[in-house]
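Working notes, beginning with the structure itself.
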Amino acid sequence: MLSSEIQTVQIQDFDFVPFISETEIHKRISEMAAEISKACEGEEILCLVMLKGAFVFAADLIRALDIPAEVSFIRYGSYIGEHSSGELQRYMPVEPGLMKNRHVLLIEDIVDTGLTLSKVLPELEEEQPKSLRVATLLHKPEVTEYDLDLDFIGFEIENKFVVGYGLDFDNKGRDLKAVYQMAGGE
Ligand code: IMP
């Protein structure tokens with residue numbers, strides 16, 4: 001059950017406190033869109049949105065780009081509750097042939113341990129894109145265990161669980177307009 005009291009949000013038995021405001025998110029997304037548009041100038045990119053968490057970020061980022069972009073979706077998962085299960089589930093892989101010889105921008109909500117991208121990126125490379133770049137709204141560098149090339153990062157954050165702006169806790173909290181951080185522990 002999701003309820004909010006003043007600015008704190010409660011999901012199940014956990015309290016989440018405001019962490020990154022709507023204004024800060026939108027300001028940073030405008031900057032990221034400018035960086036991406038410059039880096040990909042002259043290219044027609046294919047934005048590959050990682051469901052479910054990245055759908056809100058991707059919708060705002062893609063509309064802020066100054067370059068033409070096609071959009072498609074993939075869905076993988078490794079999280080149960082607030083912890084990574086360690087196992088990668090392939091719910092919705094990329095459409096066969098879609099990425100071949102294209103400039104692809106993978107749009108992620110958050111890179112935590114890096115497990116998901118460490119498995120997904122090599123699979124996407126097998127689709128033979130002309131280039132494959134990654135844009136993530138959030139990154140927890142302290143806990144990332146894999147050597148990943150993250151081209152565009154919105155915010156580097158500490159190792160605490162966050163929800164909102166597309167990110168969930170057991171599928172709740174995606175609809176919050178800002179990012180909230182779990183109060184107390186990790
Ligand atoms: P990784 O494989 O550990 O890098 O985790 C990547 C995925 O786990 C993200 O795409 C999210 O779906 C989920 N995830 C990791 N940390 C958080 C968090 O703090 N809040 C919500 N989801 C998270």
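Quick caveat, the model's predicted, so the values are computed rather than measured. Atoms within each ligand, like the ligands themselves, are counted from 1 in listed order.
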Review point. At under 4.0 Å between heavy atoms, which part of Glu108 makes contact with ligand 1: side chain, backbone, both or neither?
Key: side chain
Review point. Quick one: does Lys140 get a heavy atom under 4.0 Å from ligand 1?
Key: yes
Practice item. Please verify whether a non-hydrogen atom of Asp168 lies at under 4.0 Å from ligand 1. Key: yes
Exercise for review: Any chance you could lay out the salt bridge (Lys or Arg N to Asp or Glu O under 4.0 Å) test for Glu22 and Lys27, step after step, and finish with the verdict?
Suggested key: CA-CA 9 Å; Glu22 241 186 296; Lys27 180 173 176 284; over 6 Å; no
Revision key, fill the gap. Applying side-chain contact (heavy atoms from CB on, under 4.5 Å) to Glu44 and not counting sequence neighbours gives Pro68
Practice item. In sequence, state the C-alpha distance, the side-chain angles, and the governing distance for Lys160 and Glu142, and then conclude on salt bridge (Lys or Arg N to Asp or Glu O under 4.0 Å). Key: CA-CA 11 Å; Lys160 286 194 178 180; Glu142 279 168 40; over 6 Å; no
Review point. Hey, does Asp109 sit under 4.0 Å from ligand 1 if you only count heavy atoms?
Key: yes
Practice item. Could you tell me whether Leu167 approaches ligand 1 through its side chain, its backbone, both or neither, with non-hydrogen atoms closer than 4.0 Å? Key: side chain
Review point. Which residue, Phe14, Phe169, Tyr180, forms the ring pair (Phe, Tyr, Trp, His ring centres under 6.0 Å) with Phe161?
Key: Phe169
**Study point:** ILVMFWY network linking Val17 to Phe155, side-chain heavy atoms under 4.5 angstrom
**Key:** no
**Study point:** Where ligand 1 meets Thr116 - atom numbers and elements under 4.0 angstrom, heavy-atom basis
**Key:** 1 (P), 2 (O), 5 (O), 6 (C)
Review point. For Gly114 and ligand 1, does the shortest N/O to N/O distance drop below 3.5 Å?
Key: yes
Exercise for review: Output the list of atoms in ligand 1 that are nearer than 4.0 Å to some heavy atom of Thr113, sorted by atom number.
Suggested key: 1 (P), 2 (O), 3 (O), 4 (O)
Check your understanding: Just distances here: any N/O of Val162 and N/O of ligand 1 closer than 3.5 Å?
Key -> yes
Review point. Atom CD in Glu95, atom OG in Ser72: separation rounded to 0.5 Å?
Key: 4.5 Å
Exercise for review: Write down the atom of Glu108, the atom of Thr116, and the distance for their closest heavy-atom approach.
Suggested key: OE2-CG2, 4.3 Å
